[in-house]
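Since we're looking at a predicted model, the values are computed, not measured. In what follows, every chain begins at residue 1, and chains take the letters A, B, ... in the order their sequences are listed. Values reported hereafter were calculated over all heavy atoms of this structure, with side chains retained and with hydrogens, waters and symmetry mates removed.
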There are 2 protein chains.
Amino acid sequence: MATVVRNTRQRSAVAQLLLETDEFRSAQEIYDLLRQRGTSVGLTTVYRTLQSLAEADEVDMMRPPGGDYLYRQCTTEHHHHLVCRSCGSTVEITGPAVESWAQRIAAEHGFSDISHTLELFGTCRTCSAQ
Amino acid sequence: MATVVRNTRQRSAVAQLLLETDEFRSAQEIYDLLRQRGTSVGLTTVYRTLQSLAEADEVDMMRPPGGDYLYRQCTTEHHHHLVCRSCGSTVEITGPAVESWAQRIAAEHGFSDISHTLELFGTCRTCSAQ
DNA sequence: AAATTTAATGATAATGATTGTCATGTGCAA
DNA sequence: TTGCACATGACAATCATTATCATTAAATTT
Ligand SMILES: [Mn+2]
Ligand SMILES: [Mn+2]
Ligand SMILES: [Zn+2]
Ligand SMILES: [Zn+2]
């Protein structure tokens with residue numbers, strides 16, 4: 001019954017790469033980066049591992065407008081992101097006021113079992129200076 | 001130079017269907033609905049028209065987690081949505097406090113040219129009662 | 001240290017939404 | 001009416017993601 005997650009070389013490699021990366025990266029990018037450092041791993045495995053890590057809330061998954069799914073190693077508490085559209089650098093942000101606002105709005109309209117997506121995009125200071 | 005948008009039968013049909021629809025719908029769904037009512041239209045044209053309308057801010061476009069792009073005729077002011085995961089019924093919401101919060105947070109971190117995505121998902125009253 | 005069990009891997013094929021192509025159609029301004 | 005530029009749509013292409021399934025290899029049990 002209890003789902004046993006096996007400790008494989010590939011899973012460790014994906015997790016380790018994410019630990020060393022600050023930006024959101026796509027599955028394909030992560031695959032390429034692993035390859036570049038000589039780690040033998042299949043693309044399918046990268047997809048499955050990222051999915052599995054995301055489900056276990058060990059990595060964050062998001063999809064920017066017009067883009068593919070991106071993954072990043074984040075803190076475990078609920079939070080959102082401020083992402084540079086140009087370089088991908090990411091700042092984790094929390095907004096207690098926003099959280100309670102979302103709950104209140106939803107309740108006012110008779111909705112239950114609420115979830116939300118909230119992401120900020122912009123140009124970071126470094127990229128602004130070209 | 002000035003982009004002239006031609007008044008075609010197909011474009012009118014898509015716009016009209018959106019006017020009569022309250023929920024977010026995918027391009028494929030809109031294509032099917034048009035077909036069902038006997039409107040001859042190509043799928044490519046539906047995609048292009050929706051894109052064009054979205055660019056002109058005449059319809060709202062969003063993409064729920066794990067889903068395809070969805071389109072809906074909305075009011076023109078900036079707003080967000082509270083969407084039922086079960087039936088798709090949608091409530092437009094505004095959050096002035098959230099808007100200013102987003103601007104402030106971004107500025108504090110040196111980000112400029114800010115945009116954001118914010119959507120609430122839940123189960124509506126009707127669907128809660130099964 | 002085997003033997004066993006069963007999840008994980010990965011090469012490959014399939015899927016499916018979206019976009020590109022391009023010959024033909026048509027809105028509309030002159 | 002005529003002419004032209006944009007619009008249409010059948011069809012092919014793209015490409016991220018998922019499904020298959022034979023093989024590998026953790027973890028557990030003898
Ligand atoms: Mn939140
Ligand atoms: Mn907003
Ligand atoms: Zn940047
Ligand atoms: Zn509902």
Side-chain angles (χ1 to χ4, degrees), chain A residues 1-18 23-56 58-72 83 88 117 119, chain B residues 1-18 23-56 58-72 88 117:
Chain A
M1 286 300 121
T3 307
V4 180
V5 177
R6 290 182 180 175
N7 186 13
T8 67
R9 173 178 61 76
Q10 293 89 340
R11 188 180 180 92
S12 299
V14 170
Q16 181 58 37
L17 179 67
L18 287 170
E23 295 83 25
F24 272 95
R25 301 264 96 117
S26 70
Q28 182 74 55
E29 286 171 339
I30 290 165
Y31 171 78
D32 289 340
L33 288 169
L34 287 173
R35 284 281 166 130
Q36 277 172 32
R37 58 170 67 180
T39 303
S40 164
V41 62
L43 180 56
T44 305
T45 297
V46 171
Y47 270 100
R48 268 191 306 234
T49 302
L50 289 171
Q51 231 166 262
S52 157
L53 289 169
E55 245 166 71
E58 294 182 44
V59 307
D60 255 27
M61 180 172 88
M62 69 165 274
R63 192 166 46 159
D68 306 330
Y69 282 104
L70 303 179
Y71 302 85
R72 180 178 186 267
V83 183
T117 63
E119 309 291 345
Chain B
M1 285 299 122
T3 308
V4 180
V5 177
R6 290 184 179 172
N7 185 14
T8 67
R9 174 178 61 77
Q10 293 89 342
R11 189 181 180 92
S12 300
V14 170
Q16 181 58 38
L17 179 67
L18 287 170
E23 295 82 26
F24 273 95
R25 300 263 95 117
S26 70
Q28 182 73 56
E29 285 171 339
I30 289 165
Y31 171 77
D32 290 340
L33 288 168
L34 287 173
R35 285 280 165 131
Q36 278 171 32
R37 57 170 67 180
T39 303
S40 165
V41 61
L43 180 57
T44 306
T45 298
V46 171
Y47 270 100
R48 269 190 306 233
T49 302
L50 289 171
Q51 233 165 261
S52 157
L53 289 169
E55 245 165 70
E58 294 182 43
V59 307
D60 254 28
M61 180 173 87
M62 68 166 275
R63 192 167 44 160
D68 307 331
Y69 281 105
L70 303 178
Y71 301 86
R72 181 179 186 267
T117 64

5′-ward residue of the pair B:R9/B:Y69 relative to DNA chain C: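 It is B:Y69 whose nearest nucleotide is closer to the 5' end.
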Measure from the side-chain N and O atoms of [X] to the backbone N and O of [Y], and report whether any donor-acceptor pair falls under 3.5 Å.
X: A:R11; Y: A:T45; result: no
X: B:R9; Y: B:S40; result: yes
X: B:T39; Y: B:R35; result: no
X: A:S52; Y: A:R48; result: no

Length of the [atom1]-[atom2] vector between [X] and [N], whole Å:
X: A:L34; N: C:dT9; atom1: CG; atom2: C1'; result: 14 Å
X: B:R63; N: C:dT18; atom1: CZ; atom2: P; result: 8 Å
X: B:L53; N: D:dA7; atom1: CG; atom2: P; result: 12 Å
X: B:E29; N: C:dA17; atom1: CD; atom2: C1'; result: 13 Å
X: A:Y47; N: C:dT12; atom1: OH; atom2: P; result: 18 Å
X: B:N7; N: D:dT8; atom1: CG; atom2: P; result: 10 Å
X: A:L50; N: C:dT9; atom1: CG; atom2: P; result: 11 Å
X: A:M62; N: D:dA16; atom1: CE; atom2: C1'; result: 17 Å

Should [X] be listed as having a side-chain N or O under 4.0 Å from OP1 or OP2 of [N]?
X: B:Q51; N: C:dT18; result: no
X: B:T45; N: D:dG9; result: yes
X: A:Q10; N: C:dA8; result: no

Given the structure, check if the side chain of [X] and the base of [N] hold any donor-acceptor pair shorter than 3.5 Å.
X: A:R6; N: D:dA27; value: no
X: A:R48; N: D:dT18; value: no
X: B:T8; N: D:dC6; value: no
X: B:R11; N: D:dA7; value: no

Can you identify which nucleotide, out of C:dT18, C:dA11, C:dT19, has its nearest atom closest to the B:T44 side chain?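 Shortest atom-to-atom distance from the side chain points to C:dT19.
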Output the single nucleotide from C:dT9, C:dA11, D:dG9 whose closest atom is nearest the side chain of A:T49.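 Ranking C:dT9, C:dA11, D:dG9 by closest atom to the A:T49 side chain puts C:dT9 first.
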Closest non-hydrogen atom pair, A:Y31 against A:L43: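 That closest heavy-atom pairing would be CE1-N, 3.4 Å.
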Classify B:S52 by what it touches in the nucleic acid, base, sugar-phosphate, or nothing, heavy-atom distance under 4.0 Å.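 Here B:S52 touches no strand at all.
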